[in-house]
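Encoded as structure tokens, the structure appears first; notes follow it.
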Amino acid sequence: MADLNLVEAVREGLRQELARDRKVVVLGEDVAKDGGVFRSTDGLFEQFGPERVIDTPLAESGIVGMAIGMAVAGYRPVAEIQFSGFVYPAYDQLVSHASRLRNRSRGLYACPLVVRMPYGGGIRALEHHSESMEAIFAHVPGLKVVIPSNPYDAKGLLAAAIRDPDPVIFCEPARIYRAVRMEVPDEAYEVPLGEAKVVREGVDISVIAWGALVRTARQAAEQLAQEGVCDVEVVDVRTLSPLDTGTVLASVQKTGRALVVHEASRTGGFGAEIAAQIQEQALLQLQAPVRRVAGSDVIPPLAKLEDYFQPSMNLLVNEIRATMEF
Amino acid sequence: MADLNLVEAVREGLRQELARDRKVVVLGEDVAKDGGVFRSTDGLFEQFGPERVIDTPLAESGIVGMAIGMAVAGYRPVAEIQFSGFVYPAYDQLVSHASRLRNRSRGLYACPLVVRMPYGGGIRALEHHSESMEAIFAHVPGLKVVIPSNPYDAKGLLAAAIRDPDPVIFCEPARIYRAVRMEVPDEAYEVPLGEAKVVREGVDISVIAWGALVRTARQAAEQLAQEGVCDVEVVDVRTLSPLDTGTVLASVQKTGRALVVHEASRTGGFGAEIAAQIQEQALLQLQAPVRRVAGSDVIPPLAKLEDYFQPSMNLLVNEIRATMEF
Amino acid sequence: MPVTNLMTFNVSRMEVMDLDGNVDAGLMPDLSPEQVAELYGIMVLTRRLDERMLKLQRQGRLGTFARVLGQEAAHIGAAYAMREGDWLVPAFRETGSFIVRGIPVERVLQYWGGDEWGQHFPEGSRVLPVSVPVGTHMLHAVGIGWAMKQDRERVAVLTVFGDGATSEGDFHEAMNFAAVFQAPAVFLCQNNHWAISVPYGRQTAAASIAQKAIAYGMPGIQVDGNDVFAVYRVVRDALDRARNGEGPTLVEAHTYRMADHTTSDDARKYRPPEETAYWQERDPLERLARYMRRKGLLDEAREAETLARAEAEVDRVVAAYEAFPAPPPDDLFAHLYAEMTPALRAQRDALLAALGEGE
Amino acid sequence: MPVTNLMTFNVSRMEVMDLDGNVDAGLMPDLSPEQVAELYGIMVLTRRLDERMLKLQRQGRLGTFARVLGQEAAHIGAAYAMREGDWLVPAFRETGSFIVRGIPVERVLQYWGGDEWGQHFPEGSRVLPVSVPVGTHMLHAVGIGWAMKQDRERVAVLTVFGDGATSEGDFHEAMNFAAVFQAPAVFLCQNNHWAISVPYGRQTAAASIAQKAIAYGMPGIQVDGNDVFAVYRVVRDALDRARNGEGPTLVEAHTYRMADHTTSDDARKYRPPEETAYWQERDPLERLARYMRRKGLLDEAREAETLARAEAEVDRVVAAYEAFPAPPPDDLFAHLYAEMTPALRAQRDALLAALGEGE
Ligand SMILES: Cc1ncc(C[n+]2csc(CCOP(=O)(O)OP(=O)(O)O)c2C)c(N)n1
Ligand SMILES: Cc1ncc(C[n+]2csc(CCOP(=O)(O)OP(=O)(O)O)c2C)c(N)n1
Ligand SMILES: [Mg+2]
Ligand SMILES: [Mg+2]
């Protein structure tokens, strides 16, 4: 066991997969000597050399498009996009090719590719460095979308993503890259894709979250417990696509109330999908509407306004109260 | 009044806007001499010349990026993307710039741009020619998203979109380009953005639809009326962003039941947003879950399987029955 | 100090065979009479197939497709230069290349007939499916090339695309990545002078596609794309260099789209007939036939025989195509992921149930 | 017939001033002593500002920003060549260009301090905001250029970007569109030899950025980017040509990023110190000072005075920056659309209510 933060867990995950399978390669902007702008690939270039840890020219479509070719030819590329706000140029390659090669060739070719990216706000960054656009990937048939909320899951989900035979978008919440440390097993392990997890049991209301906001949800739950308001169950979605509807529904059927939380802007965010599914399948058990606590429908702001943008613990507490009082 | 189909209505809308304002220009692949692959710009090149109706090189990011510059400099570019499946290369320009220039410059610059594209399936086309990805635009703060369902609205919404001071994604359902003719006023007029419309009044259930499926919804409503099953209200959303929540909610509050219909794949489709909003704001009036009738979570298939992909009138009828019987 | 010349670049063009079928002996590639006859046979078959497919399309028995009329030398000559183990990463106007690479021709029809199974090529064929989004697939060739190099396989990748494709950003990124990583890839542009209705001169202000290689520090060469020997020669040399670790090459095959863009298009709307007439004289098949006649490799009997063999093959192919069963509805769901997700399973079951009810 | 040379291209480089400040009289642009002094003043101010901003950043009084140390001649000389009515379409490493174009310097700090109001430039300044997504903004310059031409305004557009930016597909599309539409645009690449940790040689296999113009049928030229006269001269000529309807130009300014990539970066991790030493000798500011001393335009007193003026201005700017009020929370919602949507109004009201409660 080692005490790791999320960025170190990602790095360990990458290191072990690189060591395990020579077909695994890491590529992207500044991933080699520089070790990535968040240091998530630090030391890998020195250990595995320039054929396995590859600095590319500055072109995101190029990175993903080349990785698709590598994947078709039997490799397991792990492409890094430096910030999720720069993935859009690669969106076409992901939607038009990575997600489709298997279907297009009726199984002859596959695209076992991982696209990692720091994601979300909270780091007082420049414009375009704080984006939460998971919804635009979760809507694409043929892609998988994974967002870990802690170091243990990050390492295990990353291993599972790399070993998965299909393309996976792997969003790493930059806000909690270094925020928490956790005991993480030294050996390689998988946290299976497609499984949500109840990270705090409760009986009164289900808060459904992913990424950095799982931590916020747990904090809100603790506060409300201490105040004796209610006993919150927190579900960490972990994989948005394919979504583990079963775990989410089981929780809501138990508690009768649900709140979905995300940092992405509200309209058309993935919270809508979860809310829609809950009411579709558990309407009669619902004692209150499924509310969403989400980023506003605005451009993620620069530092001075950042705190007004993201769902805060206080807001979450208030919204849980409101749902309880409905 | 003239009897026009949708593609002719679009063309008339473009013609009148080009004539009204010299700052309006049309650009895209094959829009000039060829008049567009669906003939929606036919004759405009001959009438307005090569400075107003502009064939571009084959590059969608280039088309939109250049149009952004034109818009910043005071023009009203109407860019055509040949099929919505080819808009992804331009997604970055739309998300990172078109939607943001006003916010980024705190109102100094604006981006009055329209991006038109044939959209959706039903035309037995090649791969990538049948996409319904409105959700990836409706989730982007700073963009507007419009999808007409008939010739009258198409012309009026297009005029409103061109005159709008902000960027508008304008999706034209290719399936009904020539399917229906309708009396359309000769003169220019606007159908305001951001207003949904009840296109069939009913008391038992609200079917919420847009684009080609509005027609399917009306047909289903007529059939169910004839069979004496129920009296369906059909709401044509028309503008997905900004969404006219008021009209949708008023309808559902009246009927107590709702069904959202779209061709885009179900998971993360814009139907989720509408379903989520309905239950958030009208839970107590709901007599049944808000079901979604949507495309499957698959790649839009080639011709041989196309009919299995799209929500059919029969499926809609069955789902309305199921909701009524809940 | 002042203004110095940093660098000088030359762009050259190769032609081997003139309009009358005379060849330059020094440049003529080393092809046996059997190989020349085989090339000719494939070109004839491709053209016959193209014509028959048009008929089928007009009769509603085939979907929209992209004709290859006039471009046979370019994409067949190039594919013919490939070796075993090489990869082909096509666009959508390379029917003849598919034939050369051993793809069952009925599959090609199956695909254009609207059935994804038409792209389930034989295992090991190393041919990627048709790529409809213009300009996007060349990046895949770079990644595959990288992988082959990493695997120490002495093979190369041929990727084919049009003049319009060179305007897309992905073309640029592919060329740049290929050069930076010295990928064993050959970029073959079938410059057929049109991208639907947009003529070459509106696509780029560059006098040639070949010169675009200079931007990447990559060799670029133009070749008479209606001269099958020149195309074969240039592409073969480029593939050899790629295999030998000497990096990528851009080849511009100067050719012409004799037909409409696709069967949905009508080129009369935008294209001057004189142009087509000019290129008619440069017909690649006729030119090869002239060479063969000169060399005694073709006489009336052999010509008729080749044609008859092609017709018979086309008949067989069409019959095989029309005998393919329609794909089952649950095919929609089966190939998204290696393992079907719960949501897809539910959606499939709902569809099958609805279809069952409908019966 | 055989292999013919289609075309020959030359790529040249311009230098006007050597390391000691001697200039080539034939190439030296026509700048008055006052103009030279002004240029020098702006370069000194820019450098002082850069240093002070670094300090502020280290003290937590400013956010992450991109330093311009060593690149003053390139982006100041270029902006200085612009005329009234010309547009500037910058990337994010052009602080000096902003100063030249009259953007209030405190705005620049306000922006890097995390306030969008820093990009609300004075009406009519014709300067676009900083563009963070690398390589994307040059297309906007093409569109603006097209619009200026259409409006029959005799102005030009200068767009600035880095060597890394040339790898993005949008660079390619912008260059191609500019050449096809003969947009009055000048593409200035500040080739500072690094894109964060990626050196020029890994960014492209091309020996120069200038030669990339050949791909588009556009003139391209390399210039010593640490020679302010050469940059001024080349960009001025290119802008003149653009204004005169002679189309776009690619200018590669060969320069060097003397500092870390941004204040979040540590270049020691990846960069050999020798390289920095080499470029230190080529410092653009020192070089200009040498010229001025030679010409009697600069002595110790004037140097001290220039420095003092710059310091005073920086003090003023920092004070003005720190006096800016924080933007109000509802600013988040106010600038998405010309008219706020109902959803945004509701979200704003909810936020303001929650903040009110919090008080
Ligand atoms: C990204 C993209 N944009 C637009 C289209 C529509 N389209 C199909 S083929 C074509 C022209 C292609 O021209 P070129 O690359 O020269 O190939 P050719 O058709 O001449 O073989 C266009 C615009 C597409 N398939 N993909
Ligand atoms: C599309 C995109 N990808 C990645 C980044 C992250 N990033 C910021 S600057 C930079 C390097 C830019 O290099 P260059 O264009 O040479 O400009 P320089 O920083 O040297 O001035 C990178 C990778 C970005 N801002 N945008
Ligand atoms: Mg072409
Ligand atoms: Mg640089």
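A, B, ... follow the sequence lines: proteins, then strands. Residue 1 opens every chain.
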What closest approach, in Å, do [X] and [Y] show between heavy atoms, and which atom pair accounts for it?
X	Y	value
Pro300(A)	Arg100(B)	CD-NH2, 4.2 Å
Glu273(A)	Gly268(B)	OE1-N, 2.8 Å
Leu305(B)	Arg106(A)	CD1-NH2, 3.8 Å

Give the member of Ser99(B), Gly271(B), Gly269(B), Gly85(B) that has the highest number of heavy-atom pairs under 4.5 Å with chain A.
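Winner by heavy-atom pair count: Gly269(B).
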Chain A: which of Ala90(B), Ala275(B), Ala276(B) shares the most heavy-atom pairs with it under 4.5 Å?
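Sorted descending by pairs with chain A, the first entry is Ala276(B).
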Mind checking which of residues 129-142 of chain A sit less than 4.5 Å from chain B, heavy atom to heavy atom?
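Residues in range: Glu131(A), Ser132(A), Met133(A), Ala135(A), Ile136(A), Ala138(A), His139(A), Val140(A), Pro141(A).
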Which residues in residues 238-265 of chain A have a heavy atom less than 4.5 Å from any heavy atom of chain B?
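Ala264(A), Ser265(A) fall under the 4.5 Å cut-off.
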Using heavy-atom distances under 4.5 Å, tell me whether Arg104(B) contacts chain A through its side chain, its backbone, both, or neither.
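Arg104(B) touches chain A through side-chain heavy atoms alone.
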Output a table of donor-acceptor pairs, distance under 3.5 Å, between side-chain atoms of residues 57-65 of chain A and any protein atom two or more places apart or on a different chain; print 'none' if there are none.
from, atom 1, to, atom 2, distance (Å)
Ser61(A), OG, Asp170(C), OD1, 2.6
Ser61(A), OG, Asp170(C), OD2, 3.4

From Arg291(B) atom CZ to Leu283(A) atom CG, the distance as rounded to the nearest 0.5 Å
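The CG atom of Leu283(A) is 11.5 Å from CZ of Arg291(B), to the nearest 0.5 Å.
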Atom CZ of Arg102(A) and atom CD1 of Ile299(B): how far apart are they, to the nearest 0.5 Å?
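Going from CZ on Arg102(A) over to CD1 on Ile299(B), the span is 12.0 Å.
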What part of [X] gets closer than 4.5 Å to chain B, counting heavy atoms only: side chain, backbone, both or neither?
X	answer
Leu302(A)	neither
Ala288(A)	backbone
Phe326(A)	side chain

Pairwise side-chain contact, Arg266(B) with Gln277(A), heavy-atom cut-off 4.5 Å (strictly under)
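Result no, sub-4.5 Å side-chain heavy-atom pair not found.
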For His97(B), check ring pair (Phe, Tyr, Trp, His ring centres under 6.0 Å) against everything at least two apart and list the hits.
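Here the qualifying residues are His140(D).
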Based on non-hydrogen pairs under 4.5 Å, which of Pro89(A), Pro301(A), Ala282(A) is most in contact with chain B?
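Heavy-atom pairs under 4.5 Å are most numerous for Pro89(A).
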Counting only N and O atoms by type, is there a donor-acceptor contact under 3.5 Å from the side chain of Gln279(A) to the main-chain atoms of Val290(B)?
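At least one qualifying donor-acceptor pair exists.
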